[in-house]
**Student:** 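Mind having a look at this structure? Questions to follow.
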Amino acid sequence: MERIVFLTGRLAEANLRRVLASIEPPAFEWNVREIGLQVAALMTADMIRRRVAAPLVFTQADGRELPAERVIVPGRCRGDVEGLSGHFGIPVQRGPEELKDLPRFFDRAAKPIELDEYRVAIFAEIVDAPRLSVEQVVERARAYAADGANVIDIGCLPATPFPHLEDCVRAVQAAGLEASVDSMDADELLRGGRAGADYLLSLKLDTLWIADECESVPVLIAQDQADMATLYEAIERMEARGKPYLADPILDPIPFGFTASLVRYQALRARFPQAPIMMGIGNLTELTEADTSGINALLFGVCAELDVAAVLATQVSQHARRAIAEADVARRVMHAAQRHQQLPKGLSAALATVHARHPFPDSADEIAATAAQVKDPNFRVQIAPEGLHVYNRDGLRVAQDAFALWPQLGLEDDAAHAFYMGVELARAETAWQLGKRYVQDQPLDWGVAVRRPADDAEGWCAPGTTLTHGRRKP
């Protein structure tokens, strides 16, 4: 079996050994090496280079020493870990951020699934384009594209003049993006097509002539929403002409025909097995007062089963402000699940914005055992099912209300530390209430619901003191 050395700190060493011993069946041999620091999360690549001699030796149970074959460092280890691979002459990689995730970490490592592929294109609609300047349209288009949109849908408004429609189409395309024009007015659709729009939303039988006047790909809808025969006829006419199209039976909101509209999509797929289908998902995300991440997950599961080619997404309601980014994650997750024939679990936690699958990695007894080892005055904060756990050398305090802990901390004369602990305890209480992961000194992870800059784990991070710029480190 592979020989792996795990580097850690004093406080985490016993827990790390317990977790490694619990992995069944054992897939590797392991050594644990404490490198002379208390908190594993403060480990850096430079520190490892200074404190751990090369080549790394692996000590077997019988005392024999053999070369190590891999090194796992803490998930929060900062610095150039890839450079350590060259230094030791064997692979060095970061483990998970939490020790209890090691079994899942090795399970994923055995069968990694990337989310770099998808089948569904996202049309992102700018619903009020006539009221925006060309520059504002382009600015929003770029924002939508950054969230994952493939086509920018320039939405027209009823009885609203749109003199700069052509300029918007050309400006969006000049920004390197595909553009569609979305209108129920034949004149606006024709103008958009002649301006070079890539797609037109939407054409019916009585406006299908517009497709002959331009090169734009039309999205076809029924003459009357429930009259699928007219949609089928429009499809047959486009196929007879050998022209590309998308067909949209229209997804209705809940509880105003949603189920019946799903049946229409299924009927379309059965009638035309190869037809490229579009599904407008805004009637669900915008018109249902529920977290849109879950709605998107469900809808893109339906899209995967129906082999939908494109969706039309909107971000109008404030509760749907991340709908496009959610759609991007959902299409990748559902494509991967379908391609690898597995349930959409364990592929990404980005859509689980409120609750975590494994919110409490440590039990109250394990936290108490760690707390008993602490010999310094710095507070550590963890959560378990029983509540918030705060400890330092003076003991362990447990409560379910951050305010209940305040009188026990003795910080009345230390404003900076009191502010820091207030922030951390508020985060911890929120995480405990919702069942989310909490990691001291880290923002709560809200998945795709919150735009966060990518964490540069390769960047150098000094160990620091216990209080830096008003922040007390664990």
**Student:** Nearest 0.5 Å, what's the CG-OG1 distance between N15 and T8?
**Tutor:** 9.0 Å

**Student:** Do L405 and L388 have side chains that get closer than 4.5 Å, going by heavy atoms?
**Tutor:** yes

**Student:** Under the salt bridge (Lys or Arg N to Asp or Glu O under 4.0 Å) test, which residues partner R76, sequence neighbours left out?
**Tutor:** E97, E98

**Student:** Sequence neighbours excluded, which residues qualify as side chain to side chain donor-acceptor pair (under 3.5 Å) partners of E2?
**Tutor:** R70

**Student:** Indicate the atoms forming the closest heavy-atom contact of V57 with V5, along with that distance.
**Tutor:** O-CG2, 4.3 Å

**Student:** In the structure I gave you, are the side-chain heavy atoms of R437 and D101 within less than 4.5 Å of one another anywhere?
**Tutor:** yes

**Student:** Is any NZ, NE, NH1 or NH2 atom of the basic residue among D46 and R50 found under 4.0 Å from an Asp or Glu carboxylate oxygen of the other?
**Tutor:** no

**Student:** Could you tell me whether D413 atom CG has more than 12 heavy atoms of other residues or ligands within 6.0 Å of it?
**Tutor:** no

**Student:** One pair to check against side-chain contact (heavy atoms from CB on, under 4.5 Å): H335 and V333. What are the steps and the verdict?
**Tutor:** CA-CA 6 Å; H335 174 70; V333 168; over 6 Å; no

**Student:** Heavy atoms only: give me the nearest A364-A384 pair and the separation to one decimal.
**Tutor:** N-CB, 4.0 Å

**Student:** Who passes side chain to side chain donor-acceptor pair (under 3.5 Å) against Q400, sequence neighbours left out?
**Tutor:** none

**Student:** To the nearest 0.5 angstrom, please state how far the CG atom of L66 sits from the CG atom of L56.
**Tutor:** 13.0 Å

**Student:** Among all residues two or more places apart in sequence or in another chain, which pass the side chain to side chain contact (heavy atoms under 4.5 Å, CB included) test with Q315?
**Tutor:** Y144, D147, A323, I324

**Student:** Counting only heavy atoms not in R142, do more than 12 fall under 6.0 Å of its CZ?
**Tutor:** no

**Student:** Could you give me the CA-CA distance, side-chain angles and deciding distance for Q342 and K345, then say whether side-chain contact (heavy atoms from CB on, under 4.5 Å) is met?
**Tutor:** CA-CA 8 Å; Q342 70 171 72; K345 294 182 68 175; over 6 Å; no

**Student:** Distance check, rounded to the nearest 0.5 Å: Q93 atom CD versus L84 atom CG?
**Tutor:** 12.5 Å

**Student:** How close do R322 and A449 get, counting heavy atoms only, and between which atoms?
**Tutor:** CG-O, 3.3 Å

**Student:** Contact between P253 and F258 at the side-chain level, heavy atoms closer than 4.5 Å - yes or no?
**Tutor:** no

**Student:** List the steps, then state whether side-chain hydrogen bond (donor to acceptor under 3.5 Å, both in side chains) holds for N150 with Y118.
**Tutor:** CA-CA 12 Å; N150 304 98; Y118 58 84; 2.9 Å; yes

**Student:** Considering only heavy atoms from C-beta outward, does the side chain of L299 approach that of V311 to under 4.5 Å?
**Tutor:** no

**Student:** Does Y438 form a side-chain hydrogen bond (donor to acceptor under 3.5 Å, both in side chains) with D445? I'd like the steps, not just the answer.
**Tutor:** CA-CA 8 Å; Y438 166 78; D445 184 358; over 6 Å; no

**Student:** Keeping to residues at least two apart or across chains, list the side chain to side chain donor-acceptor pair (under 3.5 Å) pairs with something in residues 403-412.
**Tutor:** none

**Student:** Indicate yes or no: does R3 engage E69 in a salt bridge with an N to O separation below 4.0 Å.
**Tutor:** yes

**Student:** Of all heavy-atom pairs between P74 and M43, which one has the smallest distance, and what is that distance?
**Tutor:** CD-SD, 3.5 Å

**Student:** Quick one: does E429's side chain have a donor or acceptor within less than 3.5 Å of a partner on A402's backbone?
**Tutor:** yes

**Student:** Sort and list the pairs that fulfil side chain to side chain donor-acceptor pair (under 3.5 Å) and have at least one residue in residues 274-292, not counting sequence neighbours.
**Tutor:** E286-T314, T292-E326

**Student:** Just list the side-chain donor-acceptor pairs under 3.5 Å for residues 170-178, sequence neighbours left out, or say none.
**Tutor:**
residue	atom	partner	partner atom	Å
Q173	NE2	G196	O	2.7
Q173	NE2	D198	OD2	3.0

**Student:** About how many Å separate CD1 of I254 and CG of L287, when rounded to the nearest 0.5 Å?
**Tutor:** 10.0 Å

**Student:** Are F379 and Y420, when compared by the centres of their aromatic rings, separated by less than 6.0 Å?
**Tutor:** no

**Student:** With sequence neighbours left out, what residues match E125 under side chain to side chain donor-acceptor pair (under 3.5 Å)?
**Tutor:** none

**Student:** Report yes if some heavy atom in the side chain of I122 is under 4.5 Å from a heavy atom in the side chain of V151; otherwise report no.
**Tutor:** no

**Student:** I'd like to know whether CZ of R18 has more than 12 heavy-atom contacts from other residues, nucleotides or ligands below 6.0 angstrom.
**Tutor:** yes

**Student:** Please name all residues satisfying side chain to side chain contact (heavy atoms under 4.5 Å, CB included) with E239, sequence neighbours left out, ordered by chain then number.
**Tutor:** I235, Y245, F272

**Student:** With a 4.5 Å heavy-atom cut-off, do F300 and V329 have their side chains touching?
**Tutor:** no

**Student:** Taking salt bridge (charged side-chain N to carboxylate O under 4.0 Å, His left out) as the cut-off, I'd like each qualifying pair that reaches into residues 365-377, sequence neighbours left out, listed once.
**Tutor:** K100-E366, D376-R380

**Student:** Taking the ring centre of each residue, are F123 and Y199 less than 6.0 Å apart?
**Tutor:** yes

**Student:** Does E13 come within less than 4.0 Å of R10, counting only side-chain N to carboxylate O?
**Tutor:** no

**Student:** More than 12 non-hydrogen atoms from neighbouring residues, nucleotides or ligands closer than 6.0 Å to CZ on R119, yes or no?
**Tutor:** no

**Student:** I'd like to check R264 versus D252 (side-chain heavy atoms, cut-off strictly below 4.5 Å). Are they in contact?
**Tutor:** yes

**Student:** Between I23 and W30, is the side-chain contact (heavy atoms from CB on, under 4.5 Å) condition met? List the steps.
**Tutor:** CA-CA 11 Å; I23 296 178; W30 53 270; over 6 Å; no

**Student:** How long is the gap from CZ on R321 to CZ on R451, to the nearest 0.5 Å?
**Tutor:** 11.0 Å

**Student:** Does any donor atom in the side chain of R397 or N392 lie under 3.5 Å from an acceptor atom in the other side chain?
**Tutor:** yes

**Student:** Quick one, I48 with C77, criterion side-chain contact (heavy atoms from CB on, under 4.5 Å). Give me CA distance, side-chain angles, the key distance, then yes/no.
**Tutor:** CA-CA 10 Å; I48 294 170; C77 177; 3.9 Å; yes

**Student:** Would you say the side chain of Q60 lies within less than 4.5 Å of the side chain of E65, judging by non-hydrogen atoms?
**Tutor:** no

**Student:** For E305, does the CD atom have more than 12 heavy-atom neighbours from other residues, nucleotides or ligands under 6.0 Å away?
**Tutor:** no

**Student:** Under the side chain to side chain donor-acceptor pair (under 3.5 Å) test, which residues partner R339, sequence neighbours left out?
**Tutor:** E117

**Student:** Measure across I383 and A431 and return the closest heavy-atom pair with its distance rounded to 0.1 Å.
**Tutor:** CD1-CB, 3.9 Å

**Student:** Can you give me the closest heavy-atom contact between D153 and S180, atom names plus distance?
**Tutor:** OD1-OG, 2.5 Å

**Student:** I need the M47 CE to I35 CD1 distance, nearest 0.5 Å.
**Tutor:** 6.0 Å

**Student:** Can you tell me if E34 uses its side chain to pair, donor with acceptor, with the backbone of L37 under 3.5 Å?
**Tutor:** yes

**Student:** Which atom pairs, donor and acceptor, lie under 3.5 Å between side-chain atoms of residues 347-358 and protein residues at least two apart or in another chain?
**Tutor:**
residue	atom	partner	partner atom	Å
S348	OG	A350	N	3.1
H355	ND1	L434	O	2.6

